[in-house]
Every structure is written in structure tokens, then in C-alpha cells.
Amino acid sequence: METRIRIALFTLALLFGAGTAVGTAAADTGTWKLAPTPGGYEAAWTSPEPLPVTSDRPEILLDGESLGPATVSPDGRELSIFVPGDGPPAIDRLDVRLSGRTLDEPPAAAPPPAGPAWIAPAGSVDDLGFDPGQNGTEPIRVSNYTARSFSYPGLRRKLETAGHVVAPSDATVAATAPLVLFLHGRHSTCYDPGKRRPEANNWPCRPGTRPVPSYLGYDYLQRNLASQGFVTVSIAANGINAQDDVLSDGGARARAALIRRHLDLWAGWVASGRHRADLGRVILVGHSRGGEGANRASGEIPATAPYRIAGQILLAPTNFARQTAAYIPTVTALPYCDGD
């Protein structure tokens with residue numbers, strides 16, 4: 001792989017879940033219900049408030065062993081899962097776990113902070129000949145686009161197609177520049193501008209609320225890369241974030257489909273001259289669930305596609321499906337103490 005792609009990978013790496021038996025708990029730890037079903041019981045836990053939107057998937061455990069990802073109700077408050085057995089499990093044998101926390105019990109006292117067990121030696125970027133965190137000399141241009149929403153199997157509501165582009169202003173430079181595509185992680189989808197706080201994970205957003213523009217969060221890095229001679233686009237995934245609880249893979253394949261939809265659009269735009277970029281050198285950057293989506297896209301894009309994935313940066317990616325994109329140069333930045 002050529003030097004320019006290696007530098008991009010390095011630069012990006014640096015800059016960054018016949019009756020009913022009912023069990024109850026304290027009001028702030030939710031309520032359990034058990035309902036008989038063929039072969040066992042359905043265990044359901046209702047939270048006193050909507051669950052936080054995280055990259056992890058909530059799980060229900062029996063005697064400390066996970067029963068698998070739980071089904072989440074549309075309002076984000078109830079979790080349910082099938083528990084096999086001849087009799088109902090005792091409520092105290094069940095737990096709800098999300099991002100390293102047990103939600104159906106009072107929070108434990110936080111342990112005192114501890115110093116690092118190992119401190120990495122100071123690094124250097126002298127070998128690159130420049131500081132990748134500093135802007136380059138290319139003038140840049142910023143634009144946005146939207147295209148028709150599209151349906152994805154298993155999701156009731158259509159997914160948006162929106163992108164934020166930052167690229168070199170010089171068309172000649174842009175024409176030979178690699179395309180860097182960013183996909184954000186799983187965050188709240190809508191917010192109330194008056195209260196300045198996230199709403200429940202809805203899509204489309206309810207009247208009076210607005211979409212959280214998570215895809216604009218990489219603008220600072222897009223500007224940095226564009227000034228160094230890269231074409232960049234950051235894409236929106238609120239429609240997936242609001243609905244991926246119903247997908248067995250947490251939305252990885254849906255996010256891969258979203259990436260391919262944008263790359264297909266770019267192939268048409270480059271051919272028509274609307275945008276310029278070298279689609280033979282595409283770098284995917286994904287954070288958290290977006291990282292797993294990028295990895296899935298890298299592994300699924302066929303050799304016959306009018307673009308080629310030259311490398312990928314996975315920032316604290318989830319990996320629910322345990323899949324690897326073979327033969328794709330990859331940099332993975334591991335998370336630290338995020339609970340996911």
C-alpha cells in the first residue's frame with residue numbers, strides 16, 4: 001500500500017447494549033415480571049426511565065450467565081428475553097447488565113482511582129517529516145448533501161441519506177485525492193432545542209424536536225485531512241441508531257449497507273463531475289457500532305464495485321458478530337474505561 005494511504009491511517013489513529021408471576025424492586029431499580037410461555041418463561045424488566053443510548057447491547061443474566069441480548073421495547077424502557085425451564089426463575093437470580101453496570105440493583109460505590117500500571121514511552125512523529133495534527137496548505141471547501149431515504153429489511157422506518165463533505169478546493173488536487181468516509185457511533189437521535197437534552201430514540205424526530213447532528217462531529221478532523229489533500233465525507237446514521245435494537249447483529253449490516261449506498265452515490269457523482277475523488281483509494285473510519293459497520297462493509301464490498309477499500313480505521317469498535325475484513329489494512333484504536 002502506498003505511502004499516502006499509510007500516512008492517512010496513522011494520522012487518523014493518532015487523532016482519536018396460565019398466569020403471571022410478578023417481582024418488584026425498589027422504584028429506582030425497575031420492576032421484574034415473569035410470564036409463562038411454551039418451554040419456559042418470558043422475563044421482562046421495566047426501567048423507571050428510558051435506557052441510556054450506548055454502543056453496548058443490554059443483556060439479561062441468569063445466575064451471572066448471559067441469556068443473550070434482550071429485546072428492547074419501542075419506548076426504550078422494557079427489556080425482555082426467554083428463559084428456558086420448567087419453573088419460573090427466582091427474581092434474585094436475574095440481572096440486567098448494560099455497559100458494565102447492573103441496572104436492576106442500587107449502584108455500587110465507585111472504587112478509588114488507581115494509577116496506570118504501565119505508562120507508554122513518549123512517541124514521536126518525526127519519521128513522517130511533519131506533524132499530522134497540523135493543518136496542511138490546501139485551501140478547502142465545505143458542502144452538504146441529502147438524497148432519497150431508503151428502506152432496509154427488518155426496519156419499519158426509512159433511513160436517511162445525508163453527508164457532510166470537506167475537500168480540497170482545487171479540483172485537480174481533489175481528483176487524485178483518496179476519499180475518507182466517516183461513520184459515527186450509536187448516539188441519541190433527537191433532542192429538544194428548548195430543553196437542550198436528548199429525547200427518546202425516535203425516528204423521524206417528533207414535532208418540536210430536531211435530529212442530533214452526530215455526523216458533524218468529525219468536521220474538525222475532516223478539515224485537517226482536507227487541508228492535507230484528502231476528500232472527506234461524514235455520513236448520518238440516526239435512522240439506524242433509533243431502530244437497531246430489533247436487529248440480531250446490532251445494526252452492523254445495516255450500517256454497511258448505508259456506507260455502500262453513499263459510495264454508490266459518490267461513484268455516480270465522480271463519473272458526472274459533481275464531486276472529485278480517487279475512488280480506487282477509499283478509507284473507512286468508524287466509531288463504535290459505526291466501526292463494526294465499516295468493518296462489515298470492507299468485508300462485503302465486491303471486487304467489481306466502482307470503488308476499492310484501501311484501508312480502515314476502527315475507533316473503539318463493537319464486534320458483536322466476531323467478523324474480520326480479510327486483506328484490508330486496519331488500524332484499531334481500543335476503548336478505555338467506557339464500559340462498552
Side-chain angles (χ1 to χ4, degrees), residues 17 23 25 29-35 37-85 88-89 91 93-105 152-157 159 183-189 200-203 237-258 286-296 314 316-324 335 338-340:
T29 59
T31 302
W32 281 101
K33 290 193 297 184
L34 298 173
T37 60
Y41 282 74
E42 180 181 73
W45 178 77
T46 301
S47 171
E49 58 186 20
L51 295 178
V53 178
T54 71
S55 298
D56 197 12
R57 293 187 291 183
E59 296 180 311
I60 292 179
L61 293 78
L62 177 65
D63 295 332
E65 296 292 330
S66 175
L67 296 171
T71 299
V72 183
S73 63
D75 65 1
R77 291 186 56 199
E78 183 177 277
L79 307 179
S80 60
I81 202 165
F82 172 73
V83 183
I91 296 298
R93 296 174 59 198
L94 296 169
D95 288 302
V96 177
R97 190 72 56 82
L98 176 63
S99 299
R101 293 181 296 153
T102 301
L103 302 185
D104 62 327
E105 296 178 357
Y152 182 81
L155 299 182
R156 292 188 303 150
R157 297 177 291 279
L159 308 180
L183 177 57
H184 62 83
R186 188 172 188 266
H187 312 294
S188 298
T189 57
N201 241 21
N202 301 307
W203 193 256
N238 280 339
I240 297 176
N241 284 349
Q243 305 178 80
D244 59 7
D245 279 328
V246 302
L247 300 175
S248 61
D249 65 355
R253 178 158 287 178
R255 290 178 173 86
L258 178 67
H287 167 235
S288 198
R289 291 206 194 185
E292 186 166 7
N295 185 66
R296 180 71 68 91
L314 310 180
T318 59
N319 191 18
F320 299 130
R322 301 292 192 266
Q323 293 191 337
T324 300
D338 66 351
D340 289 347

**Message:** Which residues pass the side chain to side chain donor-acceptor pair (under 3.5 Å) test with S66, not counting sequence neighbours?
**Reply:** E59

**Request:** Might you point out which heavy atoms bring P89 and L62 nearest each other, and give the distance in Å?
**Result:** CB-CD1, 4.0 Å

**Asked** Salt-bridged, R186 to D245, with N to O below 4.0 Å?
**Response** yes

**Heavy-atom pair of closest approach, residues Y152 and R253** = OH-CG, 3.1 Å

**Check against side chain to side chain donor-acceptor pair (under 3.5 Å), N241 and R255** = CA-CA 9 Å; N241 284 349; R255 290 178 173 86; 2.7 Å; yes

**Asked** Taking the side chain from S47 and the backbone from E49, do they hold a donor-acceptor pair closer than 3.5 Å?
**Response** yes

**Prompt:** Do you know the tightest heavy-atom contact between L314 and G291?
**Reply:** CD2-O, 3.4 Å

**Prompt:** How many angstroms lie between CD in E78 and OG1 in T31, if you round to the nearest 0.5 Å?
**Reply:** 10.0 Å

**Prompt:** Shortest non-hydrogen contact from L247 to A254?
**Reply:** CD1-CB, 4.2 Å

**Residue pair I60 / V83, side-chain heavy-atom distance below 4.5 Å** = no

**Asked** Who pairs with T102 by side chain to side chain contact (heavy atoms under 4.5 Å, CB included), at least two apart in sequence or on another chain?
**Response** D95, R97, D104, E105

**Asked** L103 versus W45: any side-chain heavy-atom pair under 4.5 Å?
**Response** yes

**Message:** Parallel, tilted or perpendicular: which one describes the rings of H187 and H287, with boundaries at 30° and 60°?
**Reply:** parallel

**Message:** What's the separation between atom CG in D249 and atom CD in Q323, rounded to the nearest 0.5 Å?
**Reply:** 8.5 Å

**Item:** Distance-only donor-acceptor check, side chains Q243 and R156, under 3.5 Å
**Value:** no

**Message:** Going by the rule salt bridge (charged side-chain N to carboxylate O under 4.0 Å, His left out), which residues pair with R93 if we only count those two or more places apart in sequence or in a different chain?
**Reply:** D63

**Item:** T37 side chain to E42 side chain, donor-acceptor N/O pair below 3.5 angstrom
**Value:** no

**Message:** Can you tell me how far apart CD (E65) and CG (L61) are? Round to the nearest 0.5 Å.
**Reply:** 8.0 Å

**Message:** For a side chain to side chain contact (heavy atoms under 4.5 Å, CB included) check, start with the C-alpha distance between L34 and I91, then their side-chain angles and the critical distance, and finish with the verdict.
**Reply:** CA-CA 9 Å; L34 298 173; I91 296 298; 3.9 Å; yes

**Asked** Given side chains that start at C-beta, do those of R289 and I240 come closer than 4.5 Å, heavy atoms only?
**Response** no

**Message:** Let me confirm one number: the CG-OG1 distance from L79 to T71, rounded to the nearest 0.5 Å.
**Reply:** 9.0 Å

